[in-house]
Amino acid sequence: MHVLYDLTATQPLSGKYHGGGEYGKVLFERLVQHCTEEKITAVYHPDLWLSPSIREQAEDDNVRLLSWSASTNLSDVLKEVSPDRFYSALPYGYYDVDFSGIEVVMTLHGIRPIEMPTDRFEYRYERSLRGWGKYAVKQLMRSWYVRQKWEERRKLVTLQARQKTIVVPSNHTKYALLDAFEELDGDEVRVFYSPTRRGVNAVESATLEEKGIKPEGYILLVSGGRWIKNAYRGVQALDTLFERRPEVDLDVVVTGVEHAESIFGRLNNRARFQFLDYVERPFLEGLYKHAFCLLYPTLNEGFGYPPLEAMRYGTPVLCSAVTSLPEICRDAALYFNPYSQREMRNRILTLFKNEEVCQNYARRARERYSTVARQQDQMLNDLCALILAE
């Protein structure tokens, strides 16, 4: 078995980290550990950042790294390598590639452009004419936009290959695919939870205090610069809560935000909010660990890393009751309607006013994280076996 592994999925266009990229890295590391007599070739773009740990592991385990230049399409790479099997963690651009004669395994993290193409507040997050134009198209020609994305995904899930397996991170995603594409055979879609992101040590509380963040004294929101994560409604709900209930003496930390003023507008309690741009993983882990709670008002989720990452530390989780989150979090989270700021305030007050409830959800969080972490590890091994045809 000769496997061609798509490392371009681990190479972000900006920065050094993104969810699909981390998924691809973790899987690559475990796959190489499982590989015995099988041969792996890994393809990457030379002009984009590639994790040094991947380079080192490829060298240590005799994995061939093949440079894929921008002037070469994937079909040419397949002809050069002649693999038995091709794997990608982010295959969305490959719907027009001819995979005839090759077995394909690909991970689809969801069908977000179809399930949740836009939101009325998306415009607040846009910074370019292109972004504004795309928002306008989605608002004015929503049906047309969804149809275009549906057609792209349809080509992807029905691509011609000797054998095709679609890996998804949740049962929600599996049945969303089966609902959207009647041509799809359910046996082709396999559920493997997204693997645990590689652990790093959380910074100590003193490091947060140096940044003016009081441990256990703040509500945490993450990915605040992405409209799909719905931080705008969350921030507005909290600003109103502080007006109505001044006894709620908590601050708010929002990560992943570059342009806070233009996204969130004027806040009546601006001093209670701290907006952070990209933060390194140890600092983010510290934020999860020392938060009063995580507020996660996302509008769409294929799996749901942030709630689990908070649960690791016994941090109570308040999250949207949509898509994959009830499946992943079960009874370890307090749920709300992500469009209802009133429900968000309700859940915050539930934790703040009732210490017994707060401790109960902290306990449930630790237990749920342990359960899912065991499932993730086993499913990661099973996915490696699938890719290597064991």
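Since the model is a prediction, treat every value here as computed from it, not as a measurement.
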F181 and W150 aromatic ring geometry - parallel, tilted or perpendicular at 30°/60° bounds: parallel
Parallel, tilted or perpendicular, as decided by the 30° and 60° cut-offs, for the rings of H109 and Y23: perpendicular
Examine the side chains of [X] and [Y] and answer whether a donor and an acceptor come within less than 3.5 Å of each other.
X    : Y    : value
N269 : E243 : yes
R127 : S262 : yes
N337 : E343 : no

Can a salt bridge be assigned to the pair [X] and [Y] using a cut-off of 4.0 Å between side-chain N and carboxylate O?
X    : Y    : result
K289 : E285 : no
R64  : E80  : yes
E115 : R112 : no

Qualifying residues under salt bridge (Lys or Arg N to Asp or Glu O under 4.0 Å), relative to E258, sequence neighbours excluded: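 E258 satisfies salt bridge (Lys or Arg N to Asp or Glu O under 4.0 Å) with no other residue.
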Report yes if the distance between the aromatic ring centroids of [X] and [Y] is under 6.0 Å, otherwise no.
X    : Y    : value
Y5   : F86  : no
W227 : Y123 : no
Y288 : Y313 : no

Does [X] use its side chain to pair, donor to acceptor, with the backbone of [Y] at less than 3.5 Å?
X    : Y    : answer
S128 : G131 : yes
Y135 : R120 : yes
T107 : A89  : no
R162 : S100 : no
K138 : P117 : yes

Cation-aromatic face contact R364/Y361, 6.0 Å, 45 degrees: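 Yes, cation above the ring, under 6.0 Å and within 45°.
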R270 NZ/CZ over F264 ring centroid, <6.0 Å and within 45° of normal: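 Negative - R270 is either too far from the ring of F264 or too far off its axis.
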Would you please name every residue forming a side-chain contact (heavy atoms from CB on, under 4.5 Å) with [X], sequence neighbours left out?
X    : answer
V81  : H2, L4, T41, L66, V77, P83
V137 : M141, W144
R190 : T165, F192, L386

Stepwise side-chain hydrogen bond (donor to acceptor under 3.5 Å, both in side chains) test for Y94 and S88: CA-CA 10 Å; Y94 302 148; S88 179; 4.7 Å; no
Rounded distance (nearest 0.5 Å) linking atom CE of M311 with atom OG1 of T315: 10.0 Å
For residues 212-225, which side-chain N or O atoms pair as donor and acceptor with protein atoms under 3.5 Å away, sequence neighbours left out?
from	atom 1	to	atom 2	distance (Å)
Y218	OH	L287	O	2.7
Y218	OH	A291	N	3.2

Heavy-atom side-chain proximity of L27 to Y87 below 4.5 angstrom: yes
Side-chain heavy-atom pair R245, F352 within 4.5 angstrom cut-off: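 They are not in side-chain contact.
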Salt bridge (charged side-chain N to carboxylate O under 4.0 Å, His left out) contacts touching residues 320-341 (sequence neighbours left out): none
